[in-house]
Structure formats: structure tokens, C-alpha cells
Amino acid sequence: MHYSRISRLCVFFGAVSLIAQPAPDIQGLPVRAAAADYQNQEQVGKITLAADFVGHAVPTMQGPLSSEDHVAVEVAFLGTPDTKVKISFEDFSVRINGKKSAIASQQYGMVMKSLSDPEWIPPVVEESKSKGGLSTGGGGGGSDPKPSPPKMPFPLRRAMEQRAQKSALPEGERPLPVAGLVFFPYRGKDQSIQIVELLYSGAAGKATLTFRR
């Protein structure tokens with residue numbers, strides 16, 4: 001095989017690999033000025049764990065999103081910049097309305113299918129006006145099925161998913177402070193949630209943060 005052909009193949013596969021690159025890395029959310037700026041906080045070893053329960057909302061830097069199938073907690077690990085903590089979404093679970101069984105956190109990718117953007121207005125789909133004409137039998141003339149609701153265009157949906165991904169809690173060993181979202185499967189309405197217990201058991205220690213609504 002000639003070297004020129006090898007070079008072309010290398011360029012081709014290099015381009016393919018660039019196209020197949022994963023979405024941008026998780027960046028998390030901006031850390032607030034103080035632990036008191038969150039709904040609840042607790043000292044865990046050398047760090048402070050602070051959090052807000054945000055329900056079905058999915059806050060992002062570009063504006064709020066929502067999920068019908070999951071609720072989220074905005075979590076912050078606060079400490080001096082020379083402090084590092086190993087972080088994982090698996091360190092978290094929640095109890096809702098005092099139930100004995102805790103709900104384990106799920107990776108941000110599980111939330112993507114149920115994401116919606118309250119600012120996106122779907123285009124109006126006009127119903128078919130071809131009523132009348134020849135009947136096909138059965139006496140049900142003009143009973144055309146209603147069109148399916150329009151779906152968000154792929155580029156917009158992809159951008160929305162990337163916004164949620166960037167807002168997720170960064171994982172691995174991280175220098176502090178760091179903040180982001182942790183997600184839990186729950187389809188109940190926000191109005192029905194009276195009390196939430198966020199359970200943390202990770203490298204920093206153990207803690208329970210309680211939110212009353």
C-alpha cells in the first residue's frame with residue numbers, strides 16, 4: 001500500500017474519531033458564595049456538604065429545564081482549594097415523604113429522555129381539512145386521526161441534553177469547591193412532596209440533609 005493512501009486513511013479515520021467524540025465534559029454549576037446560600041448544609045469531616053432540593057426542575061447555566069421522570073438536588077462540596085474529595089453520584093440517595101425505602105441516584109444520562117424545555121414552543125400542527133368527499137364506508141366520514149404532537153428538532157434536543165449534562169455533579173477526585181445536580185427517579189408531582197431526606201455516604205463521610213416544603 002502506498003504511503004499516500006495510508007496518509008489519506010489516517011486523515012479519514014481521524015475525522016471520524018472527531019465526529020464520534022462524546023459530548024462536552026461535565027462542568028457542574030457555579031458554587032455559591034457561602035454554604036448558607038443553600039437550603040441546607042452539614043459539616044462532613046473537613047468539608048461542608050450543602051444542597052437545594054429543586055424537584056422536577058433541572059437548572060442550567062442557560063436557563064431552567066424540567067424532567068417528568070426525575071427530581072434533582074443541587075449539591076455542593078465546600079472546602080479550601082487545597083482539599084480534594086472523590087465524588088460519585090452513587091454516594092447519594094433520597095427518602096421522600098418519610099418512606100422507609102431510599103431512592104438511589106441515577107447517572108445523568110438516564111434523565112435525557114424525559115427532559116423538556118419550558119421555553120420551547122412547538123409549531124402549530126393544523127388538522128387535516130380534507131373532510132367530506134367520498135365516504136369509505138362505516139359512516140365515520142371526516143374522522144381523520146389527530147396528528148402526533150411535534151417533536152423538538154434534533155439539534156435543539158441535543159443542545160438541551162448537553163445543557164443538562166454540563167450541570168450534573170462532576171465525578172472523580174475533585175478540588176473544592178464544586179457543585180452540580182444529582183438525579184433521582186420519581187414521577188410524583190412536586191406539590192405532593194412534603195419532606196425530602198438527602199442521604200450521603202461517600203469518601204468524605206456520612207450525612208443526612210432534610211428539606212421540608
Side-chain angles (χ1 to χ4, degrees), residues 21-67 69-112 114-115 160-186 193 195-213:
Q21 287 293 329
D25 290 338
I26 294 172
Q27 299 174 0
L29 292 171
V31 179
R32 301 177 195 178
D37 294 333
Y38 294 87
Q39 294 173 3
N40 207 337
Q41 56 282 143
E42 185 170 330
Q43 194 71 23
V44 186
K46 296 181 179 181
I47 72 162
T48 299
L49 183 65
D52 274 4
F53 177 73
V54 295
H56 287 288
V58 181
T60 76
M61 290 290 291
Q62 295 77 27
L65 303 174
S66 62
S67 168
D69 295 343
H70 290 77
V71 292
V73 179
E74 182 178 347
V75 175
F77 287 82
L78 307 176
T80 58
D82 60 341
T83 303
K84 290 185 177 181
V85 176
K86 187 177 181 181
I87 299 172
S88 172
F89 75 93
E90 295 178 330
D91 297 339
F92 295 91
S93 59
V94 292
R95 288 196 190 98
I96 296 178
N97 291 338
K99 291 189 176 181
K100 293 183 179 180
S101 57
I103 303 171
S105 174
Q106 289 187 340
Q107 193 176 32
Y108 65 87
M110 301 297 292
V111 185
M112 299 306 176
S114 64
L115 275 180
M160 179 178 64
E161 291 175 353
Q162 289 183 350
R163 286 166 56 187
Q165 177 179 337
K166 290 179 181 180
S167 298
L169 182 67
E171 297 192 15
E173 190 172 22
R174 299 278 177 168
L176 303 186
V178 64
L181 299 176
V182 184
F183 301 98
F184 306 89
Y186 185 79
I193 300 175
I195 184 171
V196 177
E197 295 170 274
L198 176 68
L199 311 175
Y200 168 75
S201 180
K206 294 185 178 181
T208 300
L209 279 68
T210 302
F211 308 90
R212 300 182 185 276
R213 310 183 81 209

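A quick note: this is a predicted structure, and the numbers were derived from the prediction, not measured.
No more than 12 heavy-atom neighbours from other residues, nucleotides or ligands sit within 6.0 angstrom of CE on M110.
Contact record, I195 with G98: CG2-N, 3.8 Å, taken as the closest heavy-atom pair. Nearest heavy-atom pair, A204 versus V85, reported as atom, atom and distance to 0.1 Å: CB-CG1, 4.3 Å. Contact record, A168 with Y108: CB-CB, 3.9 Å, taken as the closest heavy-atom pair. In this structure, I103 and F184 approach most closely via the heavy-atom pair O-CD2, 3.5 Å. The two atoms that bring A104 and P185 nearest to each other are O-CD, 3.5 Å, heavy atoms only. The nearest pair of heavy atoms linking L29 to S167 is CD2-OG, 3.6 Å.
Ring geometry, Y200 versus F92: the interplanar angle falls from 30° to 60°, so the pair is classed tilted.
Note that CG of L181 is 11.5 Å distant from OG of S67, once rounded to the nearest 0.5 Å. Separating the CE atom in M160 from the CG atom in L115 is a distance of 5.0 Å, to the nearest 0.5 Å. In this structure, the separation between CD1 on I87 and CG on L176 is 6.5 Å, given to the nearest 0.5 Å. Between the CD1 atom in I47 and the CG atom in L78 there is a gap of 8.0 Å [rounded to 0.5 Å]. One distance of note links CG of L199 with CG of L209; it measures 9.5 Å at 0.5 Å rounding. The distance from the CD atom of E197 to the CG atom of N97 is 10.0 Å, given to the nearest 0.5 Å.
Distance alone, capped at 3.5 Å, places no donor-acceptor pair between the S201 side chain and the D91 backbone. Under the 3.5 Å distance criterion, the side-chain polar atoms of D52 are matched with a main-chain donor or acceptor of Q39. For H56 (side chain) and H70 (main-chain N/O), a donor-acceptor pair under 3.5 Å exists by modelled atom type. Within the 3.5 Å criterion, the main-chain N or O of A35 finds a donor-acceptor partner in the side chain of Q41. One N or O on the side chain of Y38 and one on the backbone of R32 form a donor-acceptor pair closer than 3.5 Å. Without hydrogens or angle criteria, R95 side chain to K100 main chain gives a donor-acceptor distance under 3.5 Å.
Side-chain atoms of V58 and F183, non-hydrogen and from C-beta on, do get closer than 4.5 Å to each other. With contacts defined as side-chain heavy-atom distances shorter than 4.5 Å, the pair F77/T83 does not qualify.
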- Task: Start with the C-alpha gap between V94 and Y186, add the side-chain angles, then the distance that decides, and say whether side chain to side chain contact (heavy atoms under 4.5 Å, CB included) holds.
- Result: CA-CA 10 Å; V94 292; Y186 185 79; over 6 Å; no

- For L198 and F53, what are the C-alpha separation, side-chain angles and deciding distance, and is it a side chain to side chain contact (heavy atoms under 4.5 Å, CB included)? CA-CA 9 Å; L198 176 68; F53 177 73; over 6 Å; no

